[in-house]
Amino acid sequence: MRDPENIRQVAALTPDYMGFIFYEGSKRYAEGHISPELLAELPQSIKKTGVFVNAPFESIKAAVEKYKLDAVQLHGKESPRACAEVKGLGVEVIKVFSVDDRFAFENTLLHESCADYFLFDTKGQEYGGNGIPFDWELLKGYLSPKPYFLSGGLNLENVKYLDKVRPQPYAIDVNSGFEQEPGLKKVEELKLLFEQVKS
Ligand SMILES: O=C(O)c1ccccc1N[C@@H]1O[C@H](COP(=O)(O)O)[C@@H](O)[C@H]1O
C-alpha cells in the first residue's frame, strides 16, 4: 500500500498485516509516498510489513528503523544467512517461495530456523504481484509444521475455495486481485473479503 487515504481506509478494517513494497522495480514502490508519521498513526495491532527483494541488509535495517516495521517479507532469493541476519533485527520474518509445478517444498528446509512464516506465491515473470494463482493442490506436498501465508492472484472469487486447501494457510496475502490500480486497494471488496474469511 502507499496511498495515505487508502491506507487509512484499509487500516480501519484492521487487517493483521499491511504491506509496503520497498522494491524499486515494483509499480507499488512505497518509498516517497508513505511516511513514518503515517505508519505511526495506524492501529498498533496491524503489523507493518516491509516487502523486499534481494535487498542489502543495510537498506532493510534502515527501513525497519525509519518506519518501525514489525515484519519483513523477503520476496527474492534471500539465502538462509541473509534471512537470519534480518531476523536479528527483532522483526517477524516471512520468507517467500515462488511455486510452480516443479517446486520442491523441501527447498524451505534451510530457512526453517530464520523464518517465522513461509509465504507461497506463484512463480511468474515478476518477483511478485503477478496476479496469477498457482495450483493449490501442490500444497499437499508441504509437510513442515511452520505456518504459511498463501498468496498469488487471490481475489473475491477464488477465496471461496480456500477452505478446501490442505494444509490450511495461517494467513492469506491479497494484492492485485483487490486493486483498482497498482497500490490502490478496493476498500469495499476488502470489506467483503473480511466478512467471508471471518465466516
Ligand atoms: O506487488 C508487487 O509489486 C511485488 C513486487 C515484488 C515483490 C512482491 C510483490 N508483491 C507481492 O506479490 C504477492 C502476490 O501478489 P498478487 O496477489 O499476485 O498480485 C504478494 O505476496 C505481494 O505482497
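Both ligands and their constituent atoms are indexed starting at 1 by order of listing.
- For an aromatic pair to be called close, the ring centres must be under 6.0 Å apart, and Phe22 with Phe20 fails this.
- For the pair Lys95 and Phe97, the cation sits on the ring face: its NZ or CZ lies under 6.0 Å from the ring centre, inside 45° of the axis.
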I'd like the atom pairs linking ligand 1 to the protein - N or O on both sides, separation under 3.5 Å - with distances to 0.1 Å.
residue, atom, partner, partner atom, Å
ligand 1, 1 (O), Arg28, NH1, 3.0
ligand 1, 1 (O), Asn175, ND2, 2.9
ligand 1, 3 (O), Ser26, OG, 2.6
ligand 1, 3 (O), Arg28, NH1, 2.8
ligand 1, 12 (O), Gly129, N, 2.9
ligand 1, 15 (O), Gly129, N, 3.4
ligand 1, 15 (O), Asn175, ND2, 3.2
ligand 1, 17 (O), Gly153, N, 3.2
ligand 1, 18 (O), Gly131, N, 2.8
ligand 1, 18 (O), Gly153, N, 3.0
ligand 1, 19 (O), Asn175, ND2, 3.0
ligand 1, 19 (O), Ser176, N, 3.1
ligand 1, 19 (O), Ser176, OG, 2.5
ligand 1, 21 (O), Gln73, NE2, 3.3
ligand 1, 21 (O), Ser151, OG, 3.0
ligand 1, 21 (O), Asp173, OD2, 2.4
ligand 1, 23 (O), Gln73, NE2, 3.3
ligand 1, 23 (O), Asp173, OD2, 3.2

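- Taking 4.5 Å as the limit, some side-chain heavy atom of Cys83 sits within range of a side-chain heavy atom of Val93.
- If you look at Tyr117 and Tyr148, their ring centroids are not closer than 6.0 Å.
- In this view, Lys198 satisfies the salt bridge (charged side-chain N to carboxylate O under 4.0 Å, His left out) rule with no residue, not counting sequence neighbours.
- Ring centroid separation for the pair Tyr142 and Phe120 comes in under the 6.0 Å cut-off.
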